[in-house]
Number of protein chains: 2
Amino acid sequence: MGKGQGVPGFGLPRPGEGKRGEEGYLGYLMRQAAGAYRNRCERDLKDLGITTAQFTVMTMIAAYPGHSGADLARIALLTPQTVSVIIANLEKSGLVSRSPHAVHGRIQQLDLTDAGRDRLAAARKKIHALDGALRHSLSKEDEQVVRRWLVAVAIDHGEGAN
Amino acid sequence: MGKGQGVPGFGLPRPGEGKRGEEGYLGYLMRQAAGAYRNRCERDLKDLGITTAQFTVMTMIAAYPGHSGADLARIALLTPQTVSVIIANLEKSGLVSRSPHAVHGRIQQLDLTDAGRDRLAAARKKIHALDGALRHSLSKEDEQVVRRWLVAVAIDHGEGAN
DNA sequence: GATAACATATCAGAGGTCTGATAATATGGG
DNA sequence: CCCATATTATCAGACCTCTGATATGTTATC
């Protein structure tokens, strides 16, 4: 006795087992899945020297040129402070440049540098490949179900909803 | 002229629109949904003075008593260092106690204090209510599709999979 | 029993993320 | 024109999360 309980690594469920399987709480399963996916992205991006957050912000800058950091924060569901930190790190790495805005004295013009554009293109390849893996267990119909659900969750948990 | 481009807040998509809608990348949609849900949990837990990470670890301690911090890290898909930080903060708040382990000199016995148990019970109510909201747009069949997908994602993106 | 291999816990440092506070700029109403 | 309000950017502080390094304890091998 004195064993079987208090012994490390004994009887622990792995992902997909017990409370960690299909009977678990949806919120828990989402946290688990999002965490696993995020870690995976982070690992794949590591050789490029950028993080997933930096990838997101670079993508935003490319997609919505001329917008303020506050705008980027809104569409990324982040706070302006967070975006500010990320941009500071991107500038330190020479991937993004900040310059005075032409028509607005307070906001700053954000642009990818040449190095930033190259890095983004390389990162995109990797992330898009991962997107395929995300889809591989889904039929066409089930994929639509999942997409609709993800969008619904984002919409009615965003801001002060409910 | 000089307007319509470079003017803040103009023509930005909201969640569910454009690239942020059902045609977007699955990974992006998941990041968006998980972020919104996480923010929502954080806000609901705020009056209890705990974070979602602390809620997760307290739940683990209650569910797998007698296990090491390293074990908790494994089942939570976190690193031992992260769990160590969270437990340190929980101890500082008087919600968790650390004591020498009975049969193993290196690991430490983790227990919820009375205050910790009360706090966990209250937090559980709130989080479980949110789980209902997560499900409300899904039929029974679609919920199973989503659950299977989330588990599959967690399994084949965990560790060094692929 | 001594040693090698492994597990546990923690420190240090980086980056991401939040809340709260502060400073500077725009914009609109008197 | 002046001031109130809103927006933008940033600083400070807290917590979460990772990687890498270190110290200590356990287990297996010889």
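Convention: sequence-line order gives letters A, B, ...; per-chain numbering from 1.
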If the cut-off is 4.0 Å, is [X] near the phosphate of [N], judged by side-chain N/O to OP1 or OP2?
X: A:Arg38; N: D:dC16; result: no
X: A:Thr82; N: C:dG16; result: no
X: A:Asn89; N: C:dG16; result: yes
X: A:Ser84; N: D:dT10; result: yes
X: A:Thr79; N: C:dC18; result: yes
X: A:Arg40; N: D:dC18; result: no

Next on the checklist: I'd like to know if the side chain of B:Ser84 and the backbone of B:Pro80 have a donor-acceptor N/O pair within less than 3.5 Å.
Outcome noted: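 No, because the side chain of B:Ser84 does not come within donor-acceptor range (under 3.5 Å) of the backbone of B:Pro80.
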To the nearest angstrom, how far is [X] atom [atom1] from [N] atom [atom2]?
X: B:Met58; N: D:dC15; atom1: CE; atom2: P; answer: 14 Å
X: A:Lys92; N: C:dA14; atom1: NZ; atom2: P; answer: 9 Å
X: B:Leu77; N: D:dC18; atom1: CG; atom2: P; answer: 9 Å
X: A:Ile107; N: D:dT8; atom1: CD1; atom2: P; answer: 8 Å
X: A:Ile50; N: C:dG16; atom1: CD1; atom2: P; answer: 10 Å
X: B:Glu42; N: D:dT17; atom1: CD; atom2: C1'; answer: 13 Å
X: B:Leu110; N: C:dA9; atom1: CG; atom2: P; answer: 7 Å
X: A:Gln109; N: C:dT25; atom1: CD; atom2: C1'; answer: 17 Å

Checklist entry - If you pin B:Lys46 and A:Thr51 to their nearest nucleotides in DNA chain C, which one's is more 5'? => result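 So the residue in question is A:Thr51.
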Item to check | Of A:Gln54 and A:Arg106, the one whose closest DNA chain C nucleotide lies more 5' | outcome: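 Whichever sits nearer the 5' end wins; that is A:Gln54.
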Show the nearest heavy-atom pair for residues [X] and [Y], with the distance to one decimal.
X: A:Leu150; Y: B:Met30; result: CD1-N, 3.9 Å
X: A:Asp71; Y: A:Arg74; result: OD1-NH2, 2.7 Å
X: B:Ile75; Y: A:Tyr28; result: O-OH, 3.5 Å

If you only use heavy atoms from C-beta on, which nucleotide in [options] is closest to the side chain of [X]?
X: A:Val85; options: C:dT8, D:dC16, C:dT17; answer: C:dT17
X: B:Ala70; options: C:dA9, D:dC18, D:dT8; answer: C:dA9
X: A:Arg74; options: C:dT8, D:dT8, C:dG16; answer: D:dT8

Checklist entry - Taking the nucleotide of DNA chain D with the closest heavy atom to each, which residue, A:Asn39 or A:Arg98, is nearer the 5' end? => result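 The residue whose closest nucleotide sits nearer the 5' end is A:Arg98.
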Next on the checklist: Check this for me: does any side-chain nitrogen of one of A:Glu143 and A:Arg147 sit under 4.0 Å from a carboxylate oxygen of the other?
Outcome noted: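 The answer is yes: the pair qualifies as a salt bridge.
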Checklist entry - Between A:Glu42 and A:Arg38, is there a side-chain N and carboxylate O pair less than 4.0 Å apart? => result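 Counted as a salt bridge, because a side-chain N and a carboxylate O are separated by less than 4.0 Å.
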Next on the checklist: Taking donor-acceptor contacts at under 3.5 Å, does the side chain of B:Gln81 reach the base of C:dG13?
Outcome noted: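 It does not, because no donor-acceptor pair links the side chain of B:Gln81 to the base of C:dG13 below 3.5 Å.
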